[in-house]
Each structure stands twice: as structure tokens, then as C-alpha cells.
**Q** 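Attaching a single structure in C-alpha cells format; questions to follow.
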Amino acid sequence: MSAATRIERWPGLPGRLVLLAAATAVFAWIAIDLTRVAGSVSSVWIANGIVVGVLLFKTTRQWPWWIAAGWIGEFTARLLHGDALGMSIGNSLANVLEIVCVAGAIRRRVPDITDPSRLLRLAFTATASTLIACALSALIAVFNSAVGGHVSLGEVFLTWYTAHVIGMVIVATLMVVARREGRWIVGRRGRHLDYALCMGALLAVCAIVFTQERLPLLFLVFVPLMLVVFRHGFAGVVGATVVIAVLSGVATALETGPFALVESPSLLQRTLLLQLFITATCLLALPVATVLSERRRLAVRYRTLADHSRDLVVRMSADGAPSYVSPAIRHVLGYEPEEFLRARWDLVNPEDIPQASAAFQRIAETGISEPVTFRILHKDGQERWVEVAATRVESGDPDAPWELVASARDISKRMQALAALDESQSRLRAVADNMPALIVHIDADERYTFINAYYERLFGRKPDELLGRTIREARGEEAYREWAPFIHRALDGEEQKFERDPSASSAGRYLQSHFVPDVAPDGSNRGFYALTFDITPLKQAEQALAKLARVDALTGLGNRRQFDERLEQAIARSRRQSSPLVLMSLDLDKFKAINDTHGHLAGDAVLQAFAGRLTACVRDVDVVARLGGDEFVVLIEDARTAQVAELIAQKILTVVRPPVVFEGVHLQMGTSIGIAFVAQAASANALIALADKALYEAKSAGRNTWRVIED
């Protein structure tokens, strides 16, 4: 890309380059003409500072153009002043080297010189690079002077170095400040008149100081200088420094003012004094302006944060009297900040005042922050919950050793949500406590974390006695061993369901437990829920049904189902023990006639009486059953001979003989008995068939008797 094309990419650049070249030429010519002793170098040099100040606000791609413009301006001034071509080229190149070193170091270390947080780094980098760069350029100037035949090389180095360091530090700094201030260089909006008055006061003092030659009154200039700096910051530094530099420079050139008090001063001495004075002015004004600017920047930043925060920020004394209230109070409480610049305990709910006041006192005394929550009256008449975070800070007033800086936020919605949550939890707790089931939560360490009130109804112990304790600690080793397999599988993520028979650990009840794993969103197991139901009534009902299925409802004896089960069990024992069995089959004689003559109720009474008498004739271990109608059986397992069975049969006939009285009617009953005596039964059916055969023989023999068949 050609040079012309590059210039076209930056509109307005040629004109600004010409302006820089002209400014450089003018200031270089003035410095050469007014401050250079013949055969030496200028004792005031500000052209390089101007160029560096310009470069720091330009992109590095444009630097060659600006450096070239500055070099052309200086070189032209030297030629116009009559300097030799070689000397002009050498000194101009020395200045270019100085400019590039300072500007390059600053750009590399502090790319954005407008960043307030990099101010210290900028100052250090600018100072260090200036000292080094000016030393290098001074060495080149000494070499040029040696080539030109000058002998006072030490004076050349000292004069060049001092002039360039002072010029670079002062002018480059003022250029940067002026660029940062922009249009506010003559005072901020609304403060132009104040700026003009301050500058007028400075001009008046400078005029008094530099138009008299009797008293060394230079220090008087610093009074209006500080006034300007304190009131207008960097803008005041730029304007005041320019005014002081111009007036002191003119006075020095005219050989008037305090510098004229020095006897027989040379031009070099006067310019060096001028340099020292201007340097002292900048060294006094710039640090003060820097500190003030930083304080104002921080104050503005923190004030902006406080003013625009949704949280209310308050600075208050120990008794609660605010000294600052942020505008957020309008959002939080509906008041204007001015309405809150006194202690407003009258707005705090009386119930909350003691604990809130005590909390603020603790924070003030210990310096340890803690959240303070209380209710306060909003301007709309409704109470708001606020949470205050307070910190103790030292006060600037020695009579008030500390203050509190507090931030408050409206937590009414949070408190409403917490209240709703508490209500919901209370409702859930009430539901859980009134459930007819034991609800428990066990964590991953096997500790009880929740137990509903049913536990007390079931076991007679308070749930609080178990909370926080492990299952092993709370229920004992024996119970833990019983449940351990189910607990471990539940903690591994498997649902478990099991029943427990009455025992000490189950309070003598039938219990059914269901363990449901408590799985966290990330998949980890946090424990399990245990739901336990008392199923004792259900078990009792099952047992009752089972009993009804095996008992004859009329006589209370075992029915055919129970008899079949007991018979199979007896046959199995007989085979194992090689013991005989006796089976008696009994029928009531003439039972049909009783039913037909006296009715079924009479027949039922006879059956019930017969069942009672029959049961009384045998032992509890013997099986007595009604198979249906008037058919009964008796099973005896340990009768060693058939004669034992016959004795029992004789006893039955004797006991049955007395009549049964039903509704005043004597009902006579008798029975026929068939006895099967076997050493080892082939099967239940075979044994029953053998007893039925013996019964048939007894009936054939005339009834009310027995017959025995042995096998």
C-alpha cells in the first residue's frame, strides 16, 4: 500500500501533521533562540514532550507520520536558525530516538493511559523511560558537539539532559492531561466562572511576583496554584502551569522578577532557575491533582454504587441516627432520603426493637457483622420485613469512635415464602403425624432424621429420643441384625418390602415395612424412607378365616378339610415312628327320624350334644372332626393295641346314651362305631375305607355298637 493510500485512510491527517510540524518548529526555534548559549545547547526544550503527548493518543500504525512531522518541524527550525546541516541532522535524530523510547515504553507497558487504575504504572513507566531516553539522546548530542569542535562536553550533557527531562515530564504530562480533560480544560460545566476567577487570582499574584525585583516572592504563586488545583483538579493543573510558565518565562527573558535578584546571572543560570521553578510547580500540583482525582473517582464510584443499588445503604451513628441514606430508600420504604436523616425507631415494630437494637450494639462493640432482621413501617402504611447487614467503621469524629455502615433489603416476599413454607411443612407434618402408619427417614449414615407421631402410639416412646441416632443405637443389636439385609439393600437403591411377626422389636404386633430409597438429583443415595403399617388386625382376620375354613360352624369340631390335613400328618408320623394308627368312624343312629319328627333345630341340638360328649371321651391331642351330616371321626395316634380303641368306643356309647332335652322333649340318640386299627396305613383313603367298612359291620350288627378291623 502506497503512502498516499495510507493517508487517505485517515481523513484530516495531513492537516494535523502540518499543525504538529508547525508547533514543533515554533517551540524548537524559540528554545534555540532564547535559551541557548553560543556553542552549547538549549536549556529549555519542550518540543519532544509535545510529540510524545500526541503519540500516546494515536495508533502505532500512524506513529511514523507523526514522528516524521515532528522531526521535519524541528529540523526546519534548526536550519532556519542557521545551525550546520550535520549538527541539525544529528540533534534531530537524537530527539527522534528520545521520542520513540519514551512513547514506545509507555504504549507497551500501559496501552490505555486513560485507565485510572493504571495511573501508578503510567507514572513509573514514564519517569523511568524519560530518564533513560534523555540520557541516550544527551550522549548523541555530546558526540555531535565533539565532532563540531566544542570542548565543554560536560556542560552540553548536563544542559541537554536537564532541559529534555524537564520538558518531557512537564509538557508530555500536560498534553496527556489536556487530552483527557478535553473540553473541560477550562472548567467543568457550570464552573466556568469559578475557573476564570481562580485563574484571575493566579494571574494577579503572578503579575505582582514577576513585575518586582525587590523580594524573592516566588512562594506566593503556590497559594493560588493550590486553590486552582483543589477546585478544578487536572484542568486547573494545565491552566495554572501554562500561566506560571508563560509569565515566569517572559519575566526571565526580560530580566525582571525574582530571578533578577541573582547577581550577574548568565542566560544559562536564569533558564536553569526557570526550569527548577516550573518543575517545582508541576511536582507540587500534579501529585495533589492525582490524589484528588483518585479520591473523587473512588467517591463517585462508591456513591454511584450506593445511589443506584436496589439495596438501601445507610451510614449511621451508634444510636441509629443516619448521616447518609441512599436513594434506594424510595424503593425499599417509600420515603425520601431527607425524611430519614434521624433515628426512626418509631417505624420499627415494637416487638422487634429490643433484638434489633441489641444486635446493632453487639456489632458496634465487637466489630463482628451479623444479619439483623426486623419489621418496619412502609410509607404506604404496610409493614415490610428488612434484612440489614451492618459493618463497624471508624468515624472521622474523635468524639464518636465508630459508625455503622449498613445495607438493607426488603425481604418481605422471602418472609412470606418462608411463612408459606412453614405452613406447608406444618400441614404436611400434621398429615404425617395423623397417618395410621409409621413414617421414618433414615440418612446414608443410617441415622434417624424424621419420625412421625405414630411412633409414640405404636412403641410408647417419643420420636425425639431417636432423632440423630443410628438404627443400631436406637433399636438395639438384635433388631438391627434382623433388619440389616433390608437396610443395606435399600441404601444400595433397591426397594424392600417385608413383614415382621410379633416380637419385642415390633411391640408384639404384626408389622409390614416398605423401604423406599431416597435418591438425590445427581443419582446419589441420601438414605431411604421407611413406611411401616400395623397389619395385626389383618393377620388376625386371616387367621380367623383360616380357622373358619377348617372348623365346623355348628359343632366347633374340625371339618373335613382339617381332618384331611391332620390325617396326612398322622400317617407321615406313623411311617417315621413305625407306630399304629386308630381311626374311628361314627354315625348317629336314627338321626333322620329325629330331623323328620322334631325338625332341623332339634337335629342340630342333638349334633351339638353328641360333639360335646364325643370330645369329652378323648384327649386333647386326639383329632375329633365332623365330616358332614351325622358323620364323625376320631383319630388316635398312640394306641398300641386295638383293645385301647375298644375301651374308648365303650366309653363313647356310655356317654352318648342319656337323652338330649330339646324344648321339653327328650331325644334319644345312639351311635355306631367302626374302628380301623393299622400298624402302618398305606394311604389316607385306605384307612378311611377300612374304618367305613368296620362302621358298616357295626350297623349290620344292630347299631349302637362297634366293630374293629385290624390290618
Side-chain angles (χ1 to χ4, degrees), residues 547-548 550-567 570 581-677 687-688 690-709:
K547 183 178 180 180
L548 289 174
R550 290 171 172 77
V551 175
D552 177 58
L554 178 64
T555 63
L557 300 178
N559 61 12
R560 181 179 294 275
R561 180 177 179 181
Q562 184 183 129
F563 170 71
D564 290 341
E565 293 174 353
R566 298 286 296 274
L567 179 59
L581 283 176
V582 172
L583 179 62
M584 295 181 177
S585 181
L586 303 91
D587 270 354
L588 288 177
D589 295 335
K590 299 179 182 180
F591 179 71
K592 185 175 183 302
I594 294 174
N595 267 340
D596 293 343
T597 302
H598 300 286
H600 290 288
L601 293 179
D604 290 344
V606 170
L607 291 174
Q608 289 173 340
F610 180 76
R613 296 175 185 182
L614 181 59
T615 302
C617 294
V618 298
R619 301 166 301 176
D620 292 339
V621 296
D622 298 329
V623 177
V624 181
R626 179 191 175 203
L627 302 184
D630 61 341
E631 297 179 30
F632 293 83
V633 291
V634 177
L635 178 62
I636 303 171
E637 293 190 50
D638 56 352
R640 294 298 177 184
T641 63
Q643 287 73 22
V644 174
E646 290 183 90
L647 291 174
I648 296 173
Q650 180 60 53
K651 184 178 180 181
I652 293 172
L653 292 176
T654 302
V655 171
V656 169
R657 186 174 295 117
V660 176
V661 179
F662 176 75
E663 294 182 351
V665 179
H666 289 73
L667 302 175
Q668 192 68 44
M669 65 177 176
T671 182
S672 299
I673 306 173
I675 303 173
F677 181 88
L687 183 58
I688 293 172
L690 194 62
D692 287 343
K693 183 179 179 182
L695 176 62
Y696 179 75
E697 291 179 357
K699 287 183 177 182
S700 299
R703 301 179 185 274
N704 200 32
T705 186
W706 75 84
R707 290 292 181 269
V708 179
I709 299 177

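We're numbering straight along the sequence, starting at 1. Hydrogens, waters and symmetry mates are skipped; everything else that's a heavy atom, side chains included, is used.
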**Q** For T671 and L588, indicate whether the former's side chain and the latter's backbone hold a donor-acceptor pair under 3.5 Å.
**A**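 The answer is no, because no donor-acceptor pair under 3.5 Å joins these two groups.
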
**Q** Would you please test D692 and Y696 for side-chain contact (heavy atoms from CB on, under 4.5 Å) and show each step?
**A** CA-CA 6 Å; D692 287 343; Y696 179 75; over 6 Å; no

**Q** CG/L607 to CG/N595 distance, rounded to the nearest 0.5 angstrom?
**A**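 L607 atom CG to N595 atom CG measures 7.5 Å (nearest 0.5 Å).
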
**Q** Apply the side chain to side chain contact (heavy atoms under 4.5 Å, CB included) test between M669 and each candidate in N704, V660, D589; give the one that qualifies.
**A**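 Of all the options given, the one that passes is V660.
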
**Q** Measure from the side-chain N and O atoms of R703 to the backbone N and O of S672, and report whether any donor-acceptor pair falls under 3.5 Å.
**A**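 Flag not set: sc R703 to bb S672 has no pair under 3.5 Å.
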
**Q** What do you reckon, is CZ of F662 surrounded by more than 12 foreign heavy atoms closer than 6.0 Å?
**A**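 Correct, the count exceeds 12.
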
**Q** After noting the C-alpha distance and the side-chain angles of R707 and I675, does the key distance pass the side-chain contact (heavy atoms from CB on, under 4.5 Å) rule?
**A** CA-CA 6 Å; R707 290 292 181 269; I675 303 173; over 6 Å; no

**Q** With the side chain counted from C-beta on, respond yes when I594 and K590 share a heavy-atom pair under 4.5 Å apart, and no when they do not.
**A**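 No, side chains not in contact.
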
**Q** R613 side chain to P658 main-chain N or O, any donor-acceptor pair under 3.5 Å?
**A**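 Confirmed, R613 side chain pairs with P658 backbone.
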
**Q** Can you pull out every salt bridge (charged side-chain N to carboxylate O under 4.0 Å, His left out) where at least one residue sits in residues 647-669? Sequence neighbours excluded, please.
**A**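 Residue pairs passing salt bridge (charged side-chain N to carboxylate O under 4.0 Å, His left out), neighbours aside: none found.
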
**Q** List in chain and number order the residues that pass ring pair (Phe, Tyr, Trp, His ring centres under 6.0 Å) with F632, two or more places apart in sequence or in another chain; answer none if no residue qualifies.
**A**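 Checked F632 against ring pair (Phe, Tyr, Trp, His ring centres under 6.0 Å); matches are F610.
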
**Q** Check the pair L695, L586 against side-chain contact (heavy atoms from CB on, under 4.5 Å), reporting the backbone distance first and the verdict last.
**A** CA-CA 7 Å; L695 176 62; L586 303 91; 5.8 Å; no

**Q** What distance do L635 atom CG and I688 atom CD1 have between them, rounded to the nearest 0.5 Å?
**A**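 Taking CG in L635 and CD1 in I688, the distance rounds to 9.5 Å.
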
**Q** Begin from the C-alpha positions of D638 and I636 and carry the test side-chain contact (heavy atoms from CB on, under 4.5 Å) through to its verdict.
**A** CA-CA 6 Å; D638 56 352; I636 303 171; 3.9 Å; yes

**Q** Answer yes or no: are there more than 12 heavy-atom neighbours, outside K699 itself, under 6.0 Å from its atom NZ?
**A**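 Buried by this count: over 12 neighbours within 6.0 Å.
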
